[in-house]
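These notes concern the structure reproduced below.
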Amino acid sequence: MRTTQAIIHLDNLIHNIEIVKKQIPPGVKICMAVKADAYGHGAISISRAAIDAGVQCLGVAAVEEAAELRDAGIACPIILFSLPLPGEIPALFYYRIIPVVASKEFVLLCNQEGKRNNSILDVHLKIDTGMGRIGCHPEDAAAIAQTIKECRYVNMGGICTHFPGSDLKDNSFAHSQVRLFDNIIQQIKENGIDPGIIHAANSRAIINMPEACYDMVRPGILLYGYYPSKEQKRSFNVKPVMELKAKISFIKTVPPDTPISYGMTYRTKRMTKIATISVGYGDGYSRLLSNRGEMLIKGKRYPIAGRVCMDQCMVDIGLTSDIALYDDVTLFGPPPAPTAEEIADIMETIPYEVTCLITKRVPRTYVAA
Ligand SMILES: *Cc1c(COP(=O)(O)O)cnc(C)c1O
């Protein structure tokens with residue numbers, strides 16, 4: 001197996017699930033976001049471990065992602081967070097995927113398909129209370145709920161919305177969304193319709209807005225061991241699940257002013273040792289880390305020397321370290337390694353993207369303790 005590996009610490013995942021369970025009111029369900037191959041961690045293994053740890057529902061972004069989980073034998077409810085195309089409706093029935101719906105037209109198409117194959121599809125009505133992405137206009141929600149009620153082959157399994165302020169300090173916009181959402185739910189109930197499972201909270205809302213937990217929460221990033229933003233108060237003690245590791249493939253001693261890597265952007269200041277690591281942007285270790293990132297080797301951090309190549313990169317390990325050929329290198333992971341949050345900072349992005357970027361070439365190795 002390739003020496004460059006993503007070690008997936010399932011014990012940390014379980015720890016993070018326990019932390020979220022303690023935070024939410026008793027009886028509130030967890031729908032874990034496992035879209036994008038579980039934020040790069042591997043959807044099947046993550047889903048199995050999460051279900052064993054008490055997660056009741058999974059969230060994906062594509063019909064294919066749900067199909068992969070069903071083909072692996074995962075039987076729990078799976079919600080499709082993105083809107084499917086009409087051509088995907090038969091697959092929703094076949095794989096028992098719960099779509100979010102935002103229009104009467106789509107509900108009617110689902111009903112037609114249900115009539116054709118004589119089965120009922122659970123849907124969750126998605127309302128756009130301020131995210132500006134998908135969801136019906138708040139004014140249209142009651143009418144769509146009515147349509148769902150009138151459709152024999154479509155069942156109102158739930159109602160949901162989403163908060164855009166995942167990296168804001170201030171909760172006031174989210175509070176106004178909650179008020180709007182509550183009013184819509186109230187109206188739908190007054191019309192004699194059971195809204196089903198009510199859900200809204202992503203990781204940030206779980207931390208900051210316990211009143212928005214409703215019947216189910218939809219955490220993603222927290223369960224992978226990171227906070228949704230830098231501004232977020234660090235009160236949860238979650239632990240990173242992914243650890244990206246590689247090995248030193250070559251070490252050389254070089255004189256001062258030796259250029260290192262493409263573009264010769266790094267020149268040694270003194271006589272030093274340069275280690276080559278078998279990882280690069282082809283593995284999802286971003287080229288933005290060139291001359292800026294650090295790696296952990298034998299408990300100490302060393303700077304990346306020069307550009308990150310597609311398959312390799314170099315580190316200046318100095319003359320005096322006892323680092324040897326084939327030693328392990330940690331690119332990111334639980335501290336004291338650089339965390340995905342630190343890497344994200346350098347790349348001017350968020351930890352979500354750092355773990356999602358790790359490519360298929362990197363085998364995921366699952367460890368339980
Ligand atoms: C991705 C996603 C989540 C999870 O968001 P985190 O910030 O990772 O907790 C929740 N709900 C929806 C609709 C999503 O798309």
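FYI, side chains are in, hydrogens and waters are out, and symmetry mates aren't considered; it's all heavy atoms of this structure. Throughout, residue positions are numbered sequentially from 1 according to the sequence presented. Just so you know, ligand 1 is whichever comes first in the structure, and atom 1 is the first atom listed for that ligand.
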For this session: Kindly confirm or rule out a cation-pi arrangement of Arg307 over Tyr281, judged by NZ or CZ under 6.0 Å from the six-membered ring centre and within 45° of its axis?
Result: no
Problem set entry | is_close_aromatic(His9, His15), centroid dist under 6.0 Å | no
For this session: May I ask you to check if ligand 1 and Ser203 share an N or O to N or O distance below 3.5 Å?
Result: yes
For this session: Would you kindly say whether Thr129 and Thr161 are connected by a side-chain donor-acceptor distance under 3.5 Å?
Result: yes
Exercise. How long is the gap from CD1 on Ile97 to CG on Leu69, to the nearest 0.5 Å?
Worked result: 9.5 Å
Problem set entry | Those atoms of ligand 1 less than 4.0 Å from some heavy atom in Pro219 | 9 (O)
Exercise. Near Tyr39, which atoms of ligand 1 are under 4.0 Å from a heavy atom of that residue?
Worked result: 1 (C), 4 (C), 5 (O), 6 (P), 8 (O)
For this session: For Ile221, take its heavy atoms, then give the atoms of ligand 1 lying under 4.0 Å from any of them.
Result: 6 (P), 8 (O), 9 (O)
Exercise. Just distances here: any N/O of Gly220 and N/O of ligand 1 closer than 3.5 Å?
Worked result: yes
For this session: For Asp283 and Val362, indicate whether the former's side chain and the latter's backbone hold a donor-acceptor pair under 3.5 Å.
Result: no
For this session: Check ligand 1 against Tyr352 and write out every atom of the ligand that is under 4.0 Å from a heavy-atom position of the residue.
Result: 6 (P), 7 (O), 8 (O)
Seminar exercise, completed: Counting from 1 in the order shown, the ligand 1 atoms closer than 4.0 Å to a non-hydrogen atom of Arg133 are 15 (O)
Seminar exercise, completed: Looking only at non-hydrogen atoms, the one of Met32, Arg218, Lys35 nearest atom 14 (C) of ligand 1 is Lys35
Problem set entry | Ring centers of Phe332, Tyr285 separated by less than 6.0 Å | no
